[in-house]
Amino acid sequence: MAVFIIPLLTLDVFSDIQTHPDYSAAVKATDELLKNGMKVRGHCMFWAVDGLAPSYVDSLSATETRQEVETHMKYMTSISKGKLSHWDVNNELVHGNYFERKTNDPNFTKYMFKTVHAQDPVPKLCLNEYNVVAKGEATLGYLAQIQDFKRANVGLGVVGVQSHLTDFGEPDPTLMKERQNDSPYEKVLRLYFSHPAVQGVIFWGFWDHHMDPIQSLVHGYTFELAEAGRRFLRLTKQEWSTHINQSLESSPTMDVRGFRAVYDLTVWYKGKPVKHRTLTLGKTDKNLTIGIYGNGSEIQLPVKVDPFASVDTDPKTSSPRLRTLGQASSSSEADTLTCTSRQSGVSAVGIDNFVDVSCQDGEVLTGCSSWMVNNDWRREGEQIVMVNGRPTCRAADGYLASAGVQAQARCCSRRGLTCTYRTAGPSGLDIDDQVEVPCTGGTHPLGCSTWTWNSHSDGSYFTNSSCISQNDDPKVGVHSYAACCAGLSGQCSTVYSQLSGQAIGDVATVNCPSGQVMTGCNVYSKFARAAGAQITTLSGVTFCRAVNGFARYGGEVGVQAIATCCPRS
């Protein structure tokens, strides 16, 4: 058995498949993975559990539901035909029977299997289930279902066992062995590797940016190996891998006992490679004859792909949907610029829970920032919104947040101070794509903010003429907000801190030069996942304080505090 990581092509039923099906990004990613010699697994075409089919299906009749399923199967197999090694056809069928109930057909999933297999015979079709080995509530039911599908001869090729083990808890080898009816093991991978029926082990993610860091194999954008990753490579690349160098000087034949795998065979002559072949070794012995002809000239060996090599990016800067949100003016008669910070309460915990804070009468909102109260990174950022005609700083909590978020409004006053609030977005979906909001007509960006609903952004980058927000995760892009202001006595400037440390909670601070006032503050992180920023005062000195929200590894750097400073008078 080979132990490997199969990338999951997530082609599931959450997209708007009824009117505008579009899986082009997933198909392109699959083509790229295949080009680099990797196998791809499709997850999942349907999901048997209630609430995980598109909501419009709930109102369909039995006949209409069957027609929708047939349309979806035909479309999905047409765009993935011949590309996938596995397909999860109807996920977690022990825990749900949504389509059986909708169609009044107790064998409807078997019909799905037969249809998908007929339309694309290449991938092995899978049943997939949880609470089978680590917990046993579904073990017997799943076994009965597997046997039923095998007897029905509908194309079942693989059965999946989701091993959702408890964090920091040692798995129970005796119980897991009993539920698998298996031979000896040492740890979970050894157990699965030793079982003759197990064909592969799939990791449901391996990168700490897409899963809990304590479960990951590699860290950060430098892909530094975690201890789990080092152990995985020791097993798969050393202990469970066959590497042999043998001289053919005394005999032109050799016998090798090796693990099942795809082998690179290279013949060297006088220190140069002269012949290269590949060999797939399966369950049975195999004989191979390699003919060597010619004068022994050197050949070019296939290029090895480094999965951890840095990826070149080509970020784009744009200003989509650039628009003005509103304006505000200070009613102060003073010729001196004064600013104060006003902060909200703490939001409720959870995605999209937000808090607002605005300035008092006579003041102008010049900056808007936010931070997680527990120094975590899971926040959506901040927006400048108009509430009853008043510019307001809004901060939103993020997906899987474990604490609330706070918003801070920077509120300034001066005779003639006026601000126009502008926004643009979303940015492009590539890593480091930027969205820019220019300040025009003699205005200057006194404060910049970034918002995205999936929490993944590099934050805000200030210039002397615009606000720039930078994307991190290629899913939805980011939005940028700018307070573009005029009516000050001189030119404002942007100041940048040194980088924070790599640990969660490490801080970067920057303050304004003497005689200048801080009008806006926020955080920029080249590797995303900042806990936020706020303006604080210590011993009479005002600082922009940015906090790192995620552990950094290898060459990754921390966060940077960025602030705008304007003449006091």
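Every residue two or more places apart in sequence or in another chain that forms a side-chain contact (heavy atoms from CB on, under 4.5 Å) with Ser500 is listed here: Asp506, Ala508, Asn548, Val559. Take Trp207 and apply the ring-ring contact (aromatic ring centres under 6.0 Å, His included) test, not counting sequence neighbours, and it matches His209, His210, Tyr221, Phe223. Asp50 pairs by the salt bridge (charged side-chain N to carboxylate O under 4.0 Å, His left out) definition with Arg101, not counting sequence neighbours. Contacts of Glu32 classified as salt bridge (charged side-chain N to carboxylate O under 4.0 Å, His left out), with partners at least two apart in sequence or in another chain: Lys35. Residues passing the salt bridge (charged side-chain N to carboxylate O under 4.0 Å, His left out) test with Asp31, sequence neighbours excluded: Lys83. Residues passing the salt bridge (charged side-chain N to carboxylate O under 4.0 Å, His left out) test with Asp376 are Arg378, sequence neighbours excluded.
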*Determine, step by step, whether Asn91 and Tyr130 satisfy the side chain to side chain donor-acceptor pair (under 3.5 Å) criterion, reporting the C-alpha distance in whole Å, the side-chain angles of both residues, the deciding distance to 0.1 Å, and the verdict.*
CA-CA 10 Å; Asn91 198 40; Tyr130 65 96; over 6 Å; no
_Glu382 vs Gln408, side chain to side chain donor-acceptor pair (under 3.5 Å): CA-CA, chis, key distance, verdict_ = CA-CA 9 Å; Glu382 56 278 335; Gln408 184 182 74; over 6 Å; no
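The salt bridge (Lys or Arg N to Asp or Glu O under 4.0 Å) pairs that include a residue from residues 392-401 are Asp356-Arg394, where partners are two or more places apart or lie in different chains. Contacts classified as ring pair (Phe, Tyr, Trp, His ring centres under 6.0 Å) and involving residues 422-451 (residues at least two apart or in different chains) are given here: Trp451-His479. Residue pairs meeting the ring pair (Phe, Tyr, Trp, His ring centres under 6.0 Å) criterion with at least one partner in residues 503-526, sequence neighbours excluded, are Tyr461-Tyr524. Pairs of residues two or more places apart, or lying in two chains, never qualify as salt bridge (Lys or Arg N to Asp or Glu O under 4.0 Å) while including a residue from residues 431-450.
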Enumerate donor-acceptor pairs with a distance under 3.5 Å from any side-chain N or O in residues 323-330 to protein atoms, sequence neighbours excluded.
unit_1: Arg323; atom_1: NH1; unit_2: Arg321; atom_2: O; d: 2.8
unit_1: Gln327; atom_1: NE2; unit_2: Thr420; atom_2: OG1; d: 3.2
unit_1: Ser330; atom_1: OG; unit_2: Ser332; atom_2: N; d: 3.1
unit_1: Ser330; atom_1: OG; unit_2: Gly362; atom_2: O; d: 3.1
unit_1: Ser330; atom_1: OG; unit_2: Arg414; atom_2: N; d: 3.2
unit_1: Ser330; atom_1: OG; unit_2: Arg414; atom_2: O; d: 3.3

Only distances under 3.5 Å count here; give the side-chain donor-acceptor pairs of residues 535-547 to other protein atoms, sequence neighbours excluded, each with its distance to 0.1 Å.
none

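At distances below 3.5 Å, not a single donor-acceptor pair connects side-chain atoms of Ser344 with backbone N or O atoms of Val357.
Between Cys467 and Cys439, the gamma sulfurs sit at a distance of 2.5 angstrom or greater.
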